[in-house]
Amino acid sequence: MFPLFSLVAGIGTLLIWYYGGWSVLRDELSIGVLMAASVAAGDPERWWALAYRVELEFSSAYAAIGILPPTYEPRATASIGEMQSMIARLIERGHAYAAGDASGDVYFDTASWAGYGELTAQRREDMQDAADADPRGKRDPRDFALWKGRKAAEPATASWPSPWGDGRPGWHIECSAMARRYLGDAFDIHGGGLDLRFPHHENELAQSRAYGDAFASHWLHNGLVNVNGQKMSKSLGNSIFAHDVLAQARPVVVRYALAAAHYRSTIDLHDGSLVEAEAAVDRIEAFLLRSGRALTAGAPTVLPVPEAFGTAMDDDLGVPQALAVLHETIRSGNASLDAGDLAAVARARAEVRAMTAVLGLDLSADAAGRDGSAAHGALGALVGQLLERRAAARARKDFTTADEIRDALAAAGVLVEDGADGTHWSLG
RNA sequence: GGUGGGUUGGCCGAGAGGCGAGGCAACGGCCUGCAAAGCCGUGUACACCGGUUCGAAUCCGGUACUCACCUCCA
């Protein structure tokens, strides 16, 4: 759900283990089985079809707000063998055990791993098990499932044979096994939502390290997105939400709204935040439009981002401060425009374009006359005629007629602005 | 009970011992036939109580409120 990962992928050469929003795509097994089990008995949709439908919805929402596509999105169901061999080795090493009951479950033995709790700085002794937890075949309530024996109510298509009986992998092992398969036994960054730090990431770390992998060097945990003060649902609600938000504002505005707060803070998306983001984006676009008109003759200059922008981004992805640099550059560029200092305008414009490129803000108004469609051309011809008549009226100081034309255009959604370099119109 | 966050001006949202990030909104001015856009200006904000310091939104101690996670599921 966050531009965060595309930002990281966009500015560096870091190896990312896409997680967070992507988890739904990859954990099709667990989510599909769970959700299919909870829907009405008469629902004909299979768990894998359901999971895939959700995956498609997420993918299209991500693409819409300009999140770079992952290099690869492995599926849990394609790595069952890797998970089983990981589990087998954990048992060999004394870090896991098959449940004493007939469940077919296999658990990770948290007491056997001294580093348990290191990611979230918790001491194992202090951890309190949920009052309503079902101890099942665990030796200790803090142990977690690596393999889950099949239950009668679960679909046969979500069950695999294993040395410990038919069943399916536990949630955490899916990620550890896929990480080592596709990224190797050591990789740079593991990302994810703050809500997944414990137990999920803690458990992944424990089992992967116990297995012998170095695992992730860094962890990147992003804050969650609230909607009108409400915590977002982790299930299907998210995709509906994304759909709704994208219906309310342009994708670039949604991206701006999500990026405006630091990635680690909780972002509250309310109706007002979209309006504010729209205003900010409009301001950026207006500058690009204005400067583009002023500089038509000159070839676009390519400049690096301002140093302050780079410093902000380098400091734990300080996007809010980077945006401040962007707006400051625009303010100064606008002032240069008013002063007629075209060299400064060109510099500001090149810097703004460099910054918006880094931020992944796809601004369509980067050049005047962006829309080359036939409809736009026809509209332009008609508006042009009206503006000519208005110009004539203004020339003879017939402001009543001039204002009538402007009002009529405004009523049709065409904004007319008189600048020092002539009259411009835009759809707004 | 454990762990980790949060509380900043009308709103959003950075910052992290001295200089009021930035955006939105508002008000004044310049520009404009009038507008719009743009520019210039206007704000003594940091939950509360103590403490340290020449100086605290920032450090220390405490209090209040609040959010998240605590291996059932993902």
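Below, chain A is the first sequence line, B the second, and so on; all start at residue 1.
Note on ring orientation: taking the six-membered ring where Trp is involved, the planes of A/His221 and A/Trp219 are parallel (angle under 30°, cut-offs 30° and 60°). Note on ring orientation: taking the six-membered ring where Trp is involved, the planes of A/His95 and A/Phe108 are parallel (angle under 30°, cut-offs 30° and 60°). Between A/Trp425 and A/His376, the ring-plane angle classifies as parallel under the 30° and 60° cut-offs. Between A/His172 and A/Phe144, the two ring planes are perpendicular [angle over 60°; tilted spans 30° to 60°]. Using the six-membered ring where Trp is involved, A/Tyr97 and A/Tyr107 have ring planes that are tilted, between 30° and 60° apart.
Taking atom NE2 of A/His262 as the reference point, atom C1' of B/G5 lies 13 Å away to the nearest angstrom. Atom CG in A/Leu119 sits about 14 Å away from atom C1' in B/C70, given to the nearest Å. Taking atom OH of A/Tyr116 as the reference point, atom C1' of B/G2 lies 13 Å away to the nearest angstrom. Per the geometry, CG belonging to A/Asp338 stands 7 Å off P belonging to B/C39, to the nearest Å. The CD-P distance, from A/Glu278 to B/C12, rounds to 20 Å in whole Å. Summarising the geometry, the separation between CZ on A/Arg396 and P on B/G33 is reported as 17 Å, rounded to the nearest angstrom. Rounded to an integer number of Å, the gap from A/Leu415 CG to B/G38 P is 11 Å. Between the P atom of B/G4 and the CZ atom of A/Arg123 lies a distance of 12 Å, rounded to the nearest Å.
Of the listed residues (A/Glu417, A/Arg390, A/Glu388), just one forms a side chain to side chain contact (heavy atoms under 4.5 Å, CB included) with A/Thr423, and that residue is A/Arg390.
In this structure, A/Ser273 reaches neither bases nor backbone, as no heavy-atom distance under 4.0 Å exists between it and the strands shown. Note on A/Asn203: a base of the nucleic acid sits closer than 4.0 angstrom, heavy atoms only. At the heavy-atom level, A/Ser265 lies under 4.0 Å from the strands shown only through sugar-phosphate atoms. When heavy atoms are screened at a 4.0 angstrom cut-off, A/His424 is found touching no nucleic acid atom at all. No contact: A/Arg264 has no heavy atom under 4.0 Å from any strand.
A/Arg181 and A/Ser79 are linked by a side-chain donor-acceptor pair at a separation below 3.5 angstrom, with hydrogens and angles left out of the test.
Of the possible donor and acceptor atoms, one in the side chain of A/Arg255 sits under 3.5 Å from a partner among the backbone N and O of A/Gly360. Formation of a donor-acceptor pair under 3.5 Å by the A/Glu204 side chain with backbone atoms of A/Cys175 is not found in this model. Judged purely by atom type and a 3.5 angstrom limit, A/Arg168 has no side-chain atom pairing as donor or acceptor with the backbone of A/Lys148.
Using a 4.5 Å cut-off on side-chain heavy atoms (C-beta onward), A/Asp316 and A/Arg264 make contact. Side-chain contact between A/Gln207 and A/Trp113: absent, with no pair of heavy atoms (C-beta onward) separated by less than 4.5 Å.
If you check B/U63 for Watson-Crick or wobble pairing at under 3.5 angstrom, you find it paired to B/A47. Across the strands present, B/A14 finds no partner; the criterion is a Watson-Crick or G-U wobble pair with both atom distances under 3.5 angstrom. Across all strands shown, B/C69 pairs with B/G2; the Watson-Crick or G-U wobble distances both stay below 3.5 Å. Pair assignment for B/A37: none, as no Watson-Crick or G-U wobble contacts are both less than 3.5 Å. Under the Watson-Crick or G-U wobble criterion, with both distances below 3.5 Å, B/U42 is paired with B/A26.
For the C1' atom pair drawn from B/G17 and B/C73, the interatomic distance equals 47 Å after rounding to whole Å. Separating the C1' atom of B/A57 from that of B/A47 is a span of 11 Å, rounded to the nearest Å. Going from the C1' atom of B/A56 to that of B/G15 covers 14 Å, rounded to whole Å. Nucleotides B/G18 and B/U32 have their P atoms positioned 43 Å apart, rounded to a whole Å. B/C70 sits 28 Å from B/G61 when the C1' atoms are compared, rounded to a whole Å. B/C46 and B/U8 have their C1' atoms separated by 4 Å, with the value rounded to a whole Å. Nucleotides B/A37 and B/C31 are separated by 11 Å at their C1' atoms, to the nearest Å. A gap of 9 Å separates the P atoms of B/A14 and B/U7, to the nearest Å.
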Short heteroatom pairs, N/O only, protein and nucleotides 21-31 of chain B, under 3.5 Å:
from	atom 1	to	atom 2	distance (Å)
B/G22	O2'	A/His327	ND1	3.4
B/G23	N2	A/Glu276	OE1	3.0

Identify the pairs formed between an N or O of the protein and an N or O of nucleotides 43-46 of chain B at a distance under 3.5 Å, and give each distance.
none

Pairwise N/O distances under 3.5 Å, protein to nucleotides 58-60 of chain B:
none

With side-chain contact (heavy atoms from CB on, under 4.5 Å) as the test, would you mind laying out the steps for A/Met355 and A/Ile284 before giving the verdict?
-> CA-CA 11 Å; A/Met355 290 186 276; A/Ile284 301 167; over 6 Å; no
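With hydrogens and angles ignored, a donor-acceptor pair under 3.5 angstrom links the side chain of A/Arg406 to the base of B/C34. Judged by atom type and distance alone, A/Tyr107 does not reach the base of B/U71 through any side-chain donor-acceptor pair under 3.5 Å.
Comparing A/Leu194 and A/Ala402 by the nucleotide of RNA chain B that holds the closest heavy atom to each, the one mapping nearer the 5' end is A/Ala402.
Between B/C72 and A/Lys148, no contact under 4.0 Å exists linking OP1 or OP2 to a side-chain N or O. Neither OP1 nor OP2 of B/C73 sits under 4.0 Å from any side-chain N or O of A/Lys151.
With salt bridges taken as basic N to acidic carboxylate O contacts below 4.0 Å, one links A/Arg290 and A/Asp338.
Proximity note for A/Arg394 (side chain, C-beta onward) versus B/G33, B/C73, B/A36: the nearest is B/G33.
Other residues, nucleotides and ligands contribute more than 12 heavy atoms inside 6.0 Å of the CZ atom of A/Arg89.
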